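In what follows, a structure is listed as structure tokens, so that the remarks can point back to it.
Just so it is clear, the values below take in all heavy atoms, side chains as well, and ignore hydrogens, waters and symmetry mates. Predicted model, so just to flag it, every value in this text is computed and none were measured.
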Amino acid sequence: VLKPQGGNCAVLPKVSCRCGGRKRGTGKMNFVFISPHFPENYWNFCDRLRANGVNVLGIGNAPYETLPALLKSALTEYYRVDNMENYDEMLRAMGFFTFKYGKIDWVESNNEYWLEQDARLRTDFNITTGIKSAEIEKFKRKSVMKTYYQKAGIPTARWCVTADVTEAQAFAKTVGWPVIAKPDNGVGANGTHKFKNKTELNKFFQQEGPNAANYILEEFVDGEIVTFDGVADANAEPIYAASHVTPDSIMEIAHGKKPMWYYVAPEISPELRKMGEAALKAFGAKSRFFHLEFFRLKTAKPSLGNAGDILGLEVNMRPCGGFTPDMINFARSTNVYKIWADMIAFGGTDMPVGEHFYCPFAGRRDGKHFVYSHEQIMQKYQQNMRMVDRIPDALSGAMGNQMYVATFSTRAEMEQFYSDVLATTDAANAEAQKELSSILALGEPETAPAAKAEEKPAAPAAKPAAQPKPRKTTRTAKKK
């Protein structure tokens with residue numbers, strides 16, 4: 001039996017609690033946040049909810065003692081379970097909170113991994129403020145997502161789901177090589193394959209057998225990923241939106257073949273905004289964070305369109321991954337954590353948006369020899385740096401081991417930043433640098449005029465060249 005951490009918390013087995021003394025029937029909105037400790041920047045969501053007068057109740061598998069102080073101060077109470085995959089434990093936690101605080105108004109993890117479980121909990125506890133089990137498929141299965149993109153009038157790459165290798169071969173013959181295979185219900189680029197010929201395709205089907213039907217085959221697209229990210233209201237209309245661009249192949253980045261680099265753009269092109277808003281309506285994405293992915297073609301292809309055309313890719317009903325919410329804050333001089341919390345508490349927000357910047361992320365992988373040391377990078381870009389930290393192991397496979405996030409007023413400044421941070425001395429460096437330069441040279445489509453700054457933020461304090469301890473991620477996010 002674990003001891004309560006204060007207030008009126010019940011003493012139950014496997015429970016760690018922190019209670020501020022709130023009791024049932026206080027009239028406060030009850031919000032259950034699933035796994036509030038991961039990713040580490042998610043304490044911001046809880047903090048902004050609490051600031052809006054919301055009763056924030058956490059369920060997670062981390063011991064209470066290990067939670068960051070900023071998260072502890074944002075939670076009214078925390079219920080620890082041994083295994084979040086054990087639905088009986090999750091039911092028990094929800095039942096405890098319902099008994100103690102009354103009707104639960106919201107359940108949310110803002111995490112792709114728990115999306116289906118979130119929906120199941122809402123269904124079982126009749127919580128009407130989010131996605132329920134009956135509608136989860138369109139947000140999890142890539143094949144279903146494409147049908148909803150098409151309902152919105154948004155073109156997609158051709159695709160096929162089959163366990164029959166003969167059908168798969170016929171599909172490949174129609175669309176041409178290479179062909180991409182992804183788990184139809186999967187997260188990120190995990191389990192993604194690229195087949196260059198019939199032999200590779202046949203080998204995959206032999207290995208997978210009937211399980212091949214759990215994959216979606218897609219026509220290969222030579223394009224960069226552009227996103228439509230933000231917060232939607234109860235009418236599936238964005239109350240705030242931004243966009244980030246990943247020029248390199250996510251699959252090759254996730255497999256460790258290329259460094260992770262992407263950036264939040266200062267503006268959203270009118271075409272992308274129009275498609276994003278249409279997709280939100282088609283999917284019925286209400287009262288939540290959204291992360292919609294699109295391809296922007298690098299080269300023309302008769303079956304897909306001209307260079308610069310946009311195709312629907314996938315949707316995610318959660319914030320954009322990693323530290324991108326913080327990057328949006330830096331790029332737009334705003335606070336998306338507060339915007340989301342305002343939507344939850346009030347249905348809208350009055351959070352201002354200030355001056356716009358390019359906000360690039362660069363992830364270095366351990367074991368490589370870089371042209372410029374960490375100290376040299378910090379010295380040159382000390383006025384631009386916004387986040388510098390080691391990346392958690394759970395995210396390092398895709399994002400690298402050492403992260404740098406900065407802001408720049410011009411694209412040329414951002415391009416130089418990437419060239420400096422990612423330059424290596426290995427044999428493949430010349431080719432990699434040439435490819436990086438060619439990708440950056442593609443530029444961007446025309447966008448709407450930049451918004452006029454309401455208030456220019458103060459310049460950050462300069463860091464010394466040999467900073468011994470980089471600025472911690474959570475502290476930076478808190479200041480913003």
Does any non-hydrogen side-chain atom of [Y] lie less than 4.5 Å from one of [X]?
X: I339; Y: I239; value: yes
X: L91; Y: F125; value: yes
X: I131; Y: F139; value: yes
X: I34; Y: N111; value: no
X: V336; Y: V231; value: no
X: L57; Y: K100; value: no

Q: Might you work through the side-chain hydrogen bond (donor to acceptor under 3.5 Å, both in side chains) test for Y337 and N329, ending with a clear yes or no?
A: CA-CA 9 Å; Y337 300 108; N329 289 347; 5.3 Å; no
Q: Verify ring-ring contact (aromatic ring centres under 6.0 Å, His included) between Y42 and W114, making sure each step is shown before the conclusion.
A: CA-CA 14 Å; Y42 272 25; W114 302 115; over 10 Å; no
[X] side, atom [atom1]; [Y] side, atom [atom2] - distance, nearest 0.5 Å:
X: N384; Y: F330; atom1: CG; atom2: CZ; answer: 13.0 Å
X: M90; Y: Y79; atom1: CE; atom2: OH; answer: 10.0 Å
X: H291; Y: R318; atom1: NE2; atom2: CZ; answer: 5.0 Å
X: T227; Y: L292; atom1: OG1; atom2: CG; answer: 8.0 Å
X: W43; Y: R48; atom1: CH2; atom2: CZ; answer: 5.5 Å
X: I391; Y: R364; atom1: CD1; atom2: CZ; answer: 12.0 Å

Minimum heavy-atom distance between [X] and [Y], given as atom pair plus value:
X: Q402; Y: V388; result: NE2-CG1, 3.6 Å
X: Y263; Y: P360; result: CB-CA, 3.7 Å
X: K140; Y: E112; result: NZ-O, 3.5 Å
X: H244; Y: C320; result: CE1-CB, 3.9 Å
X: M399; Y: Y262; result: CE-OH, 4.1 Å
X: A157; Y: L311; result: N-CD1, 4.5 Å

If you count heavy atoms of other groups shown closer than 6.0 angstrom to [atom1] of [X], is the number above 12?
X: K138; atom1: NZ; answer: yes
X: Y113; atom1: OH; answer: no
X: D366; atom1: CG; answer: yes

Q: Run through T129, I127, N55 and flag the one making a side chain to side chain contact (heavy atoms under 4.5 Å, CB included) with I104.
A: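 Of all the options given, the one that passes is I127.
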Is the closest basic N to carboxylate O distance between [X] and [Y] below 4.0 Å?
X: R120; Y: E116; result: no
X: E108; Y: R122; result: yes
X: K146; Y: E218; result: yes
X: R80; Y: D82; result: yes

Donor-acceptor contact below 3.5 Å, side chain [X] vs main chain [Y]:
X: K28; Y: V56; result: no
X: K194; Y: P178; result: no
X: S333; Y: V353; result: no
X: Y149; Y: E314; result: yes
X: D342; Y: A345; result: no
X: D105; Y: N30; result: yes
X: N83; Y: E85; result: yes
X: Y418; Y: A423; result: no
X: K142; Y: G186; result: yes
X: N61; Y: M84; result: no

Q: Dump the intermediate steps for side-chain contact (heavy atoms from CB on, under 4.5 Å) on V315 and M317, then the final yes or no.
A: CA-CA 7 Å; V315 302; M317 291 297 112; 4.1 Å; yes
(Q) Counting the benzene-type ring for Trp, do F408 and F417 have ring centres under 6.0 Å apart? (A)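 Distance test on ring centres: under 6.0 Å, yes.
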Q: Establish, yes or no, whether a centroid distance under 6.0 Å links the rings of F45 and W106.
A: no
Q: Kindly indicate, with the supporting measurements, whether the criterion side-chain contact (heavy atoms from CB on, under 4.5 Å) is fulfilled by V32 and Y101.
A: CA-CA 11 Å; V32 174; Y101 296 99; over 6 Å; no
Q.
Before you tell me yes or no, could you show the steps for N214 and N185 under side-chain hydrogen bond (donor to acceptor under 3.5 Å, both in side chains), namely the whole-Å CA-CA distance, both residues' side-chain angles and the distance that decides it to 0.1 Å?
A. CA-CA 7 Å; N214 294 321; N185 185 349; over 6 Å; no
Q) What do the steps show when you test T66 against H37 for side-chain contact (heavy atoms from CB on, under 4.5 Å), and what is the final call? A) CA-CA 9 Å; T66 67; H37 60 287; over 6 Å; no
Q: Go through the steps for Y240 and M343 under the test side-chain contact (heavy atoms from CB on, under 4.5 Å), then give the verdict.
A: CA-CA 10 Å; Y240 178 78; M343 179 276 295; over 6 Å; no
